[in-house]
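A short write-up of the structure that comes next.
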Amino acid sequence: MDYLQITGGKTLKGEVRISGAKNSALPILASALLCKNLLRISNLPDVADVKTLAKLLEHLGSEIEWVSPNELLIHSERIIHTKAIYDIVRKMRASILVLGPLLARFGKCEVSLPGGCAIGARPVDLHIKAMEKMGAEISIEGGYIVARAPKGLKGADVMFDKITVTGSENILMAAALAKGVTRIINAAKEPEVVQLCQILQSAGVEIQGVGSNELCVRGTQGELLEFKDISVIPDRIEAGTYLCAGAITNSAITIKNIIPTHLEAMISKLGEIGFKFENTQNSLKILPASKRYAFEIVTTEYPGFPTDMQAQFMALATQCQGSSSIEERLFENRFMHVSELQRLGAHITLRGNVAKVTGGEKLIGADVMATDLRASSALVLAGLVTEGNTKIHRIYHLDRGYEHLEEKFSNLGAQIKRLKEK
Ligand code: UD1
């Protein structure tokens with residue numbers, strides 16, 4: 001196993017190119033199951049989660065050719081299995097994204113239940129309820145979601161009790177091949193959901209309400225779609241993480257290949273903290289602040305402040321003057337990074353789903369443990385400002401979602417090394 005060693009205290013400078021969004025790449029790959037032609041997908045991030053889903057699709061029968069680490073050709077006309085096996089699904093919860101397309105296309109499938117994860121229970125009940133509303137019969141057998149719709153899925157009014165990103169994506173893909181019109185009420189409107197809608201639209205699927213909380217999808221009654229080439233949108237969470245790297249080290253760095261409107265919640269929060277920006281059409285430079293003020297965050301659905309940036313802003317709060325408050329509304333247990341940041345000397349108290357961070361104290365390097373993807377990136381950020389060395393263990397979490405992390409940070413002037421555990 002690898003670990004990262006970071007020597008803190010360096011000022012960063014220069015530019016970093018933001019990779020394609022993992023959370024867009026995953027539904028796009030799953031949507032290839034709806035597609036009859038040979039499909040080219042580019043700007044894929046070279047990260048473990050994308051490789052895991054590609055492996056699952058290959059297991060189902062998709063033919064995949066990697067043109068480069070960031071681009072593939074996929075042909076899913078001849079799918080031979082409709083069972084997404086535990087061995088692959090357990091590695092990545094987002095594997096649940098094959099449920100909608102498989103069920104819509106074949107009228108049956110089995111998908112292993114993903115199980116719990118470090119940031120909370122994370123059920124998939126809303127995905128299941130929505131498929132049932134579309135006429136599926138679903139049971140849980142031997143750890144698998146066993147779904148059947150012998151006469152195909154039918155359009156329906158699907159009302160999500162809670163906004164769910166992958167749930168909305170799953171139903172969108174199912175609705176694209178269903179019979180009739182599906183209305184998705186209380187749908188997610190994250191940019192990744194919007195990109196999936198646009199891809200389906202360019203394949204001829206009629207969708208109304210794109211970018212809103214209500215989507216209306218007219219299905220093709222089982223007819224497979226013809227997709228155009230796809231380029232994955234830039235990763236707004238990776239972009240936010242590098243903005244936080246500039247902010248925590250109080251350095252001027254430029255992030256390139258971004259869609260600035262996707263970053264508004266983070267840019268606005270960094271503005272409140274005291275940072276200014278220079279921007280061009282698809283790049284953004286964060287400038288050092290003369291003073292960094294404490295702040296308040298409440299995580300919500302897009303366009304609100306993203307839960308996937310909560311941990312990174314907590315690391316940043318340790319360097320801001322005064323007491324910051326961070327409230328997590330989406331995942332009850334998404335505070336695994338708190339005890340690791342405390343090991344570095346951060347002053348954080350946790351009550352329920354609210355963390356209070358008293359900033360302005362020195363952090364001292366220590367051994368810490370990565371616990372989930374975003375918690376791990378918060379530890380990298382904290383490591384950039386610790387006195388002495390910080391060693392981050394179990395970095396396979398980081399490799400799930402950050403492309404070439406140590407290379408990108410090294411290019412910005414950070415002292416960071418990937419080493420092998422003894
Ligand atoms: C996606 C993102 C993840 C992000 C999250 C919230 C991907 C691959 N992952 O995860 O990075 O942190 O959105 O922005 O895109 N819920 C239920 N029942 C369900 C489904 C969800 O109760 O069937 C709850 C969850 O426990 C959570 C909330 O709904 O409290 C939102 O979760 P959801 O949007 O579904 O997260 P994911 O799609 O898994």
Side-chain angles (χ1 to χ4, degrees), residues 20-31 44-45 47-50 52-53 56 89 91-100 111 113-133 138 140 145 147 158-174 184 186-196 213 232-233 235-238 240-241 262 265-266 297-313 327-337 353 372-378 397-398 400-402:
K22 167 182 87 71
N23 286 356
S24 212
L26 298 176
I28 289 171
L29 279 167
S31 76
L44 286 161
V47 297
D49 274 9
V50 166
T52 301
L53 192 52
L56 176 57
V89 176
K91 294 195 181 126
M92 189 187 60
R93 295 185 47 78
S95 309
I96 189 73
L97 283 166
V98 299
L99 176 68
V111 178
L113 267 174
C117 80
I119 66 173
R122 293 187 88 173
V124 289
D125 56 314
L126 299 175
H127 301 235
I128 292 176
K129 227 170 112 185
M131 299 291 173
E132 284 173 338
K133 199 77 203 294
I138 297 186
I140 307 296
I145 303 167
V158 172
M159 160 81 197
F160 281 118
D161 296 335
K162 248 185 180 181
I163 295 181
T164 158
V165 176
T166 48
S168 301
E169 291 162 348
N170 234 337
I171 300 310
L172 256 170
M173 292 186 280
I184 312 176
N186 208 23
K189 53 182 183 187
E190 268 64 5
E192 297 77 21
V193 179
V194 172
Q195 179 165 41
L196 180 62
N213 286 128
V232 178
I233 55 169
D235 193 319
R236 62 196 168 97
I237 304 302
E238 191 199 20
T241 304
H262 292 173
M266 301 171 243
I297 280 176
V298 178
T299 64
T300 53
E301 294 86 6
Y302 187 84
F305 191 90
T307 173
D308 284 351
M309 284 303 301
Q310 181 256 101
Q312 300 88 319
F313 271 74
E327 182 174 342
E328 174 56 57
R329 291 251 180 104
L330 291 183
F331 295 110
E332 73 279 10
N333 200 19
R334 198 166 203 175
F335 283 117
M336 306 285 277
H337 42 287
N353 64 338
D372 73 63
L373 173 59
R374 307 305 171 186
S376 319
S377 64
H397 289 291
L398 279 171
R400 282 189 39 220
Y402 285 94

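Whatever order the structure lists them in is the order used to number ligands and atoms, beginning at 1.
- In F331, the part holding a heavy atom less than 4.0 Å from any atom of ligand 1 is the side chain.
- The closest approach between D161 and ligand 1 stays at or above 4.0 Å for every heavy atom of the residue.
- Assignment of H127 to the shell around ligand 1 is supported, since a heavy atom sits closer than 4.0 Å.
- The main-chain N or O of H127 is never found under 3.5 Å from a side-chain atom of N170 such that the two would form a donor-acceptor pair.
- Checking G304, P306, G167, P123 against atom 17 (C) of ligand 1, the nearest heavy atom belongs to P123.
- Residue D308 touches ligand 1 through its side chain alone, judged by heavy-atom distances below 4.0 Å.
- Using a cutoff of 4.0 Å between basic side-chain nitrogens and carboxylate oxygens, D308 and K22 are not scored as salt-bridged.
- Contact check on D161 versus K129 returns a salt bridge, with a Lys/Arg side-chain nitrogen under 4.0 Å from an Asp/Glu carboxylate oxygen.
- A salt bridge does not link E301 to K189: none of the charged nitrogens lies less than 4.0 Å from a carboxylate oxygen.
- At a 4.0 Å heavy-atom cut-off, ligand 1 does not touch I237 at all.
- Under 4.0 angstrom from ligand 1, the non-hydrogen atoms of R334 all belong to its side chain.
- Put simply, CZ on R334 and OG1 on T307 are 3.5 Å apart, with the number rounded to the nearest 0.5 Å.
- For the residues V124, L53, V165, the heavy atom positioned nearest atom 1 (C) of ligand 1 is part of V165.
- Contact annotation for T307 and ligand 1: only side-chain heavy atoms (C-beta onward) come within less than 4.0 Å of the ligand.
- When each of N353, T299, N333 is paired with E328, the side-chain hydrogen bond (donor to acceptor under 3.5 Å, both in side chains) condition holds for T299 and for no other.
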